[in-house]
Amino acid sequence: MIAEVIVDVAAHPIDRPFDYAVPEKFQALTEPGMRVKVPFGNRKVLGFITTIKDTSEFDPKRLKPIHELMDVVPVLNGEMLELAQWMKRQTVCFEIDALQVMVPAALRAKYEKRFVLNAAIDELPKELHPYFGTRDFVRAQEAEAVYGLMKKEMDKGTVLADTNIQQKTGVKKIRMVHITDSAEDIENISIRANAKQQLKLQEFFLKHVGQSFESSQLQKQAGVSLPTVNALAEKGLANFSSMESYRDPSLLTAIEQKIALDLTDEQQTAFDAIQSSLNTEKTFLLHGITGSGKTEIYLQTIAQVLEEGKEAIMLVPEISLTPQMTIRFKERFGDLVAVLHSGLSAGEKYDEWRKIQRAEVKVVVGARSAIFAPFQNLGLIILDEEHESSYKQDDSPRYHARDVAIWRSQQHQCPVILGSATPSLESYARAQKGVYELLALKNRAKNQPLPEVHIVDMREELRTGNRSMFSVELAEAIRERLARKEQVVLFLNKRGYSSFVLCRDCGTVLQCPNCDISLTYHRASERMKCHYCGYDEPVPTTCPECESDHIRFFGTGTQKVEEELAKLVPDARVLRMDVDTTRNKGAHEKILSAFGEGKADILLGTQMIAKGLDFPNITLVGVLSADTTLHLPDFRAAEKTYQLLTQVSGRAGRDVLPGEVYVQTYTPEHYAITLAKDQLYEPFYEQEMAMRRASGYPPYYYVVNIQFTHEDLMTVSGYAQQMTEYLRHRLSPKTIIIGPSASLIARVNNRYRYQCLIKYKNEPKLAEVLQQLIKIYRSDWIKTGATLSIDMNPTTVM
DNA sequence: AGCACGCCGACT
DNA sequence: GTCGGCGTGCTC
């Protein structure tokens, strides 16, 4: 028996199956999709079995045996193994990366080098004795000081080098206490009269003869501590066992079950359309304005799917930001829901994943990677806010959850619903062409009017001498809400901005020494940090250039707004939500629920408040600067701006109170802003499509971004130039190749970055040419320390 | 990627 | 003379 294994080494020459002999003792158990420990070269690595076969092309005498099976039940099923190969082709990634991303991080390998004793300890020099202590191994890291001595022993053979492979986190075990079923024994045991605790526990035991408890529960109920339990156990009154358990991440205690709401006519039409296609592979684009009740359609469709005995995946951009979505799912489906989001620990994610694998849950709500939920009988996949860029992973494997969703829907013959108030141009174009079926919700579910949006020309404000961040109109509106005890959301479009330190004398802005980017000020730690390479340093007291002490924190960020706000409305209670205030676990939820309970008048935040905020008392939304995303050098700048403005505006007036929105901008005539005002998606779509057609970007063209990095500027620009020439010669003349040019952030971590862009409509040779390119890179450039990364269908080209 | 093998400079 | 620098070649 031979197993093909994809080993856990991400490198081009290794990116193919290696054959291993399956030892007799494993043969009955071995299956594709299991993780194995295998010898590879002179070390051991983890790998995934992809195929079992009888014969190998490889010289049978040189086949090595599988060292160990890591699983009893495969962690990946056949569908996932096939999906990994598809992802490898589609995203040009290593197969091992595709396999790893499907498995919870807790199961990924942790490698630790060790020295293992291979002789009696007294054969070793005295200096080494303390390192081994009671065990026969020592972690290499702990023995750095005696590396030379160890090496000598290794030459002698008295010490061996080994790699210990462990998964990161395992199954949580809890200790169970089983009380003996003999009341007599309990009564007759002798306990010293002054051992009060033991006597107390004895009494408890008598009341619960023969019963079992979780150790922690027993201690709580009997009012004793663990040593007391141990003492009685030693006397034979109880024994212990360990039981698998799930970690309980739920902050959502005691959720009341709720029943389905009535659908509006529009919702009903959309629901019916989906329902009649439940057993076909079909993609729906559910285009519903903000507040039109898309979630209710999701919930009822899922209910339908569950009734047919199938399972559903619900993707949300980042669930920790939308606790309300989670709550609604739990209200409707209770324990049948698993939740996967970035706020969970590795162990908690693993437990949720196991519930899915064991078919204990039927619905999973989660972020991007939840698309790999190992359901066997998938009946529906939903991507809410399908236009969100977080659905595409920005490092290898650079997959898009939407593409994976559609692939899985073909496997399972089930529909996909892409929901959005502001669909990506790609999706809407596909709907127009009939590739997806378009379902439209044009009215808000509770029939509230759309909020009234005012566009404020900040150039006018400047002309009239208002240099503050708040226009007169917005300031007035804020005061008005405060007087009416209604709530305000202020949105700072922070992209492109950050809190930096500027010298007021010479204009120097503190830069990262390794990257071409300014350092960001972190108030909590009083340090300057680089968001690209992690470099940090203390905040300087004098300017490093001119030594002036007029150097100060220039907070164009939320903190600065908060200060100005305090001057504007001193009595207002302000909650700030940004990366600084949400660093701790559960901080999002806390801030949001505090705001929901009316503990603050104003919520001030960045991108992260644009979504999911659904509170009835919010009647005013202010966008402080709409322009920051608009002028980014990216083909999606207008689309992003339109989406963001629509999303933020949608936070106002979601209940009975009407909403109002103020959008401050220096370019009030831009179509992304004027059309977002009244949520005129289709005109925006038409106009943006015309722009894309003219400039040759998606959805008219497919795009591939190829990036090179090297520590030497001339080398990398040279490679990029050669590569671009190569592509120009190999690809068809209709394909447009842009560049090479320096990336927007031209240096990160002391490495220079160049990129080139391929824009094509039809390029049958593309895959082949890219493989050739990788070959050239592999055979020559990699040796000089260059890196190459290929991003198929990038979401941004900056 | 990691690790061993292999061939040339600065130290006990 | 040896320790150790990193070039290059392989991994079922």
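The sequence lines fix the lettering, A, B, ..., with proteins before strands; numbering per chain opens at 1.
Rounded to whole angstrom, the span from the CZ atom of A/R16 across to the P atom of B/dA1 amounts to 16 Å. B/dA1 atom C1' lies 11 Å from atom NZ of A/K113, rounded to whole Å. A/I14 places its CD1 atom 12 Å from the C1' atom of B/dC3, with the value rounded to the nearest Å. In this structure, OH of A/Y111 is placed 9 Å from P of B/dG2, rounded to the nearest angstrom.
When only modelled atom types and interatomic distance are considered, A/E79 and A/H412 share a side-chain donor-acceptor pair under 3.5 Å. For the 3.5 Å distance criterion, the side chains of A/Y719 and A/T784 qualify, holding a donor opposite an acceptor. Judged by distance alone, the side chains of A/R753 and A/S743 never bring a donor and an acceptor atom under 3.5 Å apart.
When heavy atoms are screened at a 4.0 angstrom cut-off, A/R62 is found touching the sugar-phosphate backbone but no base atom. The residue A/I2 sits apart from the nucleic acid: no heavy atom pair falls under 4.0 Å. If you check every strand for non-hydrogen atoms under 4.0 Å, A/K61 touches nothing. Within the nucleic acid shown, A/P39 comes within 4.0 Å of sugar-phosphate atoms alone, with no base atom in reach, counting heavy atoms only. Within 4.0 Å of A/F40, counting heavy atoms only, lies at least one base atom of the nucleic acid.
Centroid-to-centroid, the aromatic rings of A/F40 and A/F18 come within less than 6.0 Å.
Note on A/N42: every side-chain N or O is 4.0 Å or more away from OP1 and OP2 of B/dC3.
Here chain A contacts DNA chain C (any atom closer than 4.0 Å to a heavy atom, that is under 4.0 Å), and the contacts span C/dT11 to C/dC12 from 5' to 3'.
Atoms NZ and CZ, from A/K88 and A/R16 in turn, are 10.0 Å apart once rounded to the nearest 0.5 Å.
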Pair up each side-chain donor or acceptor in residues 720-729 of chain A with any protein partner under 3.5 Å, not counting sequence neighbours, and list the distances.
from	atom 1	to	atom 2	distance (Å)
A/Q721	NE2	A/E725	OE2	3.4
A/T724	OG1	A/A720	O	2.6
A/Y726	OH	A/R730	NH1	3.4
A/R728	NH2	A/I737	O	2.9
A/R728	NH2	A/G739	O	3.4
A/H729	ND1	A/E725	O	3.0

